[in-house]
Amino acid sequence: MDTAGIITSILTLIAGVGVFLIACSMMSANLEALGSKKLKALFAKASKSKLVGVGVGAATTAVIQSSSATSVMVIGFVNAGIMTLAQAATVIFGANIGTTITGQLVALGMFGGNSVSTSVIFATFAGVGAFVLAFAKRDRTRKIGGILAGFGMLFVGLSLMSGSMGYFSELDEIKNFLAAFKNPVLLVLIGAVLTAVVQSSSVMTSMTITMVVAGLINLNQGIYITMGSNIGTCVTALIAGLTSTKNAKRTALIHLIFNVSGVVVFLIIGLFTALGGVDYGFIFSHMFPNAPQIQLSMFHTVFNLLTVIIVLPMTNLLVKLVTKLVPDKKGGGVSDDKPHFRFVEEHMLRTPPLAVLQTKNEIVEMAKTAMENFSTACGIICTLNYEKIETFKANEAQLDYLNTELVRFIVKLLKEDLNEKDRVYLTTSIRTIADLERIGDYAENIVEYADILREYNECFSDQAVAEIEELKNLVADLYKEVMSVYRDGDKKALERANAIEEKVDEITEKMNANHVVRLGAGQCTAEVGTQYLSLSSNAERVADHFINVAKNSIN
């Protein structure tokens, strides 16, 4: 083969990998968008048992065609407190089974011989999907078109890769060079590194299958490279976990340990082949004769299934191990940390429907923080006890952080492919975040009023304190109803919230009248009265902002 032929083959290989990656991304995005509700419901079932968790992980990954995306979702759920580490571990185990589906599809597409190949038949779905995308008007139909086009493009990419491998297989120099790589450990490392670079074990496995079919490498070489791809696919989850909370780090570590442990077990067994161990290539070539693509794809599936069977009974031990490896800080807590996201991650932008769900969880937590600071502020001004002031300041910093960074995240998320309902929700969420941040500001004002009282060595009367306590309890009741509206869309809760807000208006009017009476009776000073009236006004505005949160969520 001349130089031009070699260059053409290399460019064809790169084109094939590119088309395959785009196809995977296209299928994943449209499948997630189309089945977002089902995916959320599926993840909710993961808590039932270990086997259910494995099934959820396998099904989700088979649907979205990305074990990395599933792992990132799981990290987000652990971050949110929706899943325990043990539950997350089982889903990750299942994700490794689900990711083998792509390999099976690729193997199926390589049949045909002298007749019309299955790869060409499947590739026609790219054209069908393109026509649907061009002429469909309904969003759901367009997403179905995107799925079909992505599915077909998988096989277009596969054909390009297979073609380039066919060219390379004609060169004895390349075959001799690749044949020199016989060390199983080295082959595993090559598979891990290349998978980490392309960030897709599906692509790496598919390329390896085409190399085996073309005769560039033998089956055993392909087996060890495929084993290495299981380690390389952990990179995305590790990146997501390392920039997140301790539990998210632990989840990413579970993914790595699980994948590495399976490879180590099979590697050790394979290394002792000469001593009467297992020759994987020999076994699978005899189980599926004259079908190298099936031999490798079936090994990939069996390898992941057996790894799950081996590790699943040790799930709790694995959780204990990662907890020791990533320990909690002594005396640590949320208030000791710098402001940060508790639920969302930048990596979740790859899975928009679940990113929307986590955004909602982040806002619910923001509302909780705002309410906590209002209650703390009322306690401080009534008692002039500043014991909780550091927690208060940390909460205020968190509210300010979310007001900036969460809005920035939402703006990025709005650029992704979303259904109309999620898009409307995110748009109104920006207003909700502003309302909650203002509640934090009013709480901060109340603490400043307390500072003034302390400076003048003044305090509220027992009657004033009782009225503030009543007001605080009303706002707490209002907060609970607003959260029912926000989380569940409960319109009856909105009616109850409006009724409570009217009571807040009534009690603040009563507080103003009572203050005038106490001032006339000489029971309080003008300075104390100023802070009292300011507190009353701020509390009324807090209630107004909570009502805004409820109303925005219904619209």
Side-chain angles (χ1 to χ4, degrees), residues 79-81 243-248 328-344 359 361-409 430 432-460 465 468-469 471-473 475-476 478-480 482-483 527-528 530-546 548-549:
N79 226 9
T243 57
S244 191
T245 63
K246 288 183 181 63
N247 271 339
D328 292 313
K329 290 181 180 179
K330 292 183 179 179
V334 173
S335 61
D336 298 322
D337 296 337
K338 293 180 180 179
H340 63 281
F341 288 136
R342 291 176 170 85
F343 298 89
V344 305
T359 299
N361 288 331
E362 195 75 65
I363 292 173
V364 168
E365 184 67 18
M366 186 181 184
K368 179 182 176 183
T369 302
M371 183 61 217
E372 181 183 333
N373 259 22
F374 174 74
S375 296
T376 300
C378 290
I380 289 174
I381 200 169
C382 287
T383 63
L384 298 182
N385 182 340
Y386 284 74
E387 182 181 341
K388 296 181 179 179
I389 193 63
E390 291 305 318
T391 300
F392 179 89
K393 290 178 179 178
N395 284 344
E396 176 57 26
Q398 177 72 7
L399 292 172
D400 289 341
Y401 173 84
L402 292 176
N403 187 45
T404 302
E405 297 303 321
L406 188 54
V407 169
R408 185 174 291 139
F409 179 84
I430 294 174
T432 298
I433 291 167
D435 280 313
L436 295 174
E437 195 274 336
R438 288 298 295 144
I439 290 171
D441 288 343
Y442 287 126
E444 198 173 20
N445 290 346
I446 293 171
V447 171
E448 290 174 2
Y449 305 151
D451 293 340
I452 294 171
L453 288 179
R454 185 170 61 169
E455 182 182 346
Y456 284 94
N457 199 27
E458 298 275 10
C459 64
F460 291 142
V465 168
I468 293 170
E469 187 67 25
L471 178 60
K472 184 186 77 172
N473 290 337
V475 173
L478 174 62
Y479 158 77
K480 291 176 184 176
V482 167
M483 287 299 97
E527 189 58 52
V528 171
T530 300
Q531 310 317 318
Y532 183 76
L533 292 177
S534 296
L535 181 152
S536 170
S537 175
N538 277 232
E540 186 177 4
R541 290 171 185 169
V542 165
D544 290 339
H545 283 293
F546 270 133
N548 288 344
V549 170

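Nothing fancy with the numbering, it's 1 onward along the sequence.
Rounded to the nearest 0.5 Å, atoms NZ (K472) and CD1 (I446) are 11.0 Å apart. Here the CG-CG distance, from L402 to L436, works out to 9.5 Å after rounding to the nearest 0.5 Å. Residue I452 holds its CD1 atom at 9.0 Å from OG1 of T530, rounded to the nearest 0.5 Å. Atom OG in S536 sits 6.5 Å away from atom CG in L471 (nearest 0.5 Å). Here the straight-line distance linking atom OG1 of T359 with atom CG of L406 works out to 6.0 Å at 0.5 Å rounding. Atom CD of E444 is separated from atom CD of E396 by 4.0 Å, given to the nearest 0.5 angstrom.
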| request: Could you please spell out the steps behind the side-chain contact (heavy atoms from CB on, under 4.5 Å) verdict for I389 and V447? | output: CA-CA 9 Å; I389 193 63; V447 171; 4.0 Å; yes
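In terms of the salt bridge (Lys or Arg N to Asp or Glu O under 4.0 Å) criterion, K388 has no residue partners (sequence neighbours excluded). Scored by the side chain to side chain contact (heavy atoms under 4.5 Å, CB included) test, C382 finds V465, I468 as partners (sequence neighbours excluded). D435 is linked by a side chain to side chain contact (heavy atoms under 4.5 Å, CB included) to H545, N548, V549, N552, counting only residues two or more places apart in sequence or in another chain. Here E437 pairs with nothing under the side chain to side chain donor-acceptor pair (under 3.5 Å) rule; sequence neighbours left out.
For residues 446-458, the set of pairs meeting the side chain to side chain donor-acceptor pair (under 3.5 Å) definition, not counting sequence neighbours, comprises Y386-D451, Y449-N538.
Contact check on R408 versus E405 returns a salt bridge, with a Lys/Arg side-chain nitrogen under 4.0 Å from an Asp/Glu carboxylate oxygen. A salt bridge is defined here as a Lys NZ or Arg NE, NH1 or NH2 lying under 4.0 Å from an Asp or Glu carboxylate O, and R438 with D441 meets this definition.
Under a 3.5 Å cut-off, the side chain of S537 and the backbone N or O of L533 do not form any donor-acceptor pair.
When all heavy atoms are compared, the tightest approach of L384 to C459 is CD1-CB, 4.4 Å. When all heavy atoms of Y401 and F341 are compared, the closest pair comes out as CE2-N, 3.8 Å.
Side-chain contact between V542 and L478 is absent, with no heavy-atom pair separated by less than 4.5 Å.
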Enumerate, atom names and distances included, each donor-acceptor pair closer than 3.5 Å involving a side-chain atom of residues 373-381, sequence neighbours excluded.
from: N373; atom 1: OD1; to: N395; atom 2: ND2; distance (Å): 3.1
from: N373; atom 1: ND2; to: F392; atom 2: O; distance (Å): 3.2
from: S375; atom 1: OG; to: M371; atom 2: O; distance (Å): 3.3
from: T376; atom 1: OG1; to: E372; atom 2: O; distance (Å): 2.8

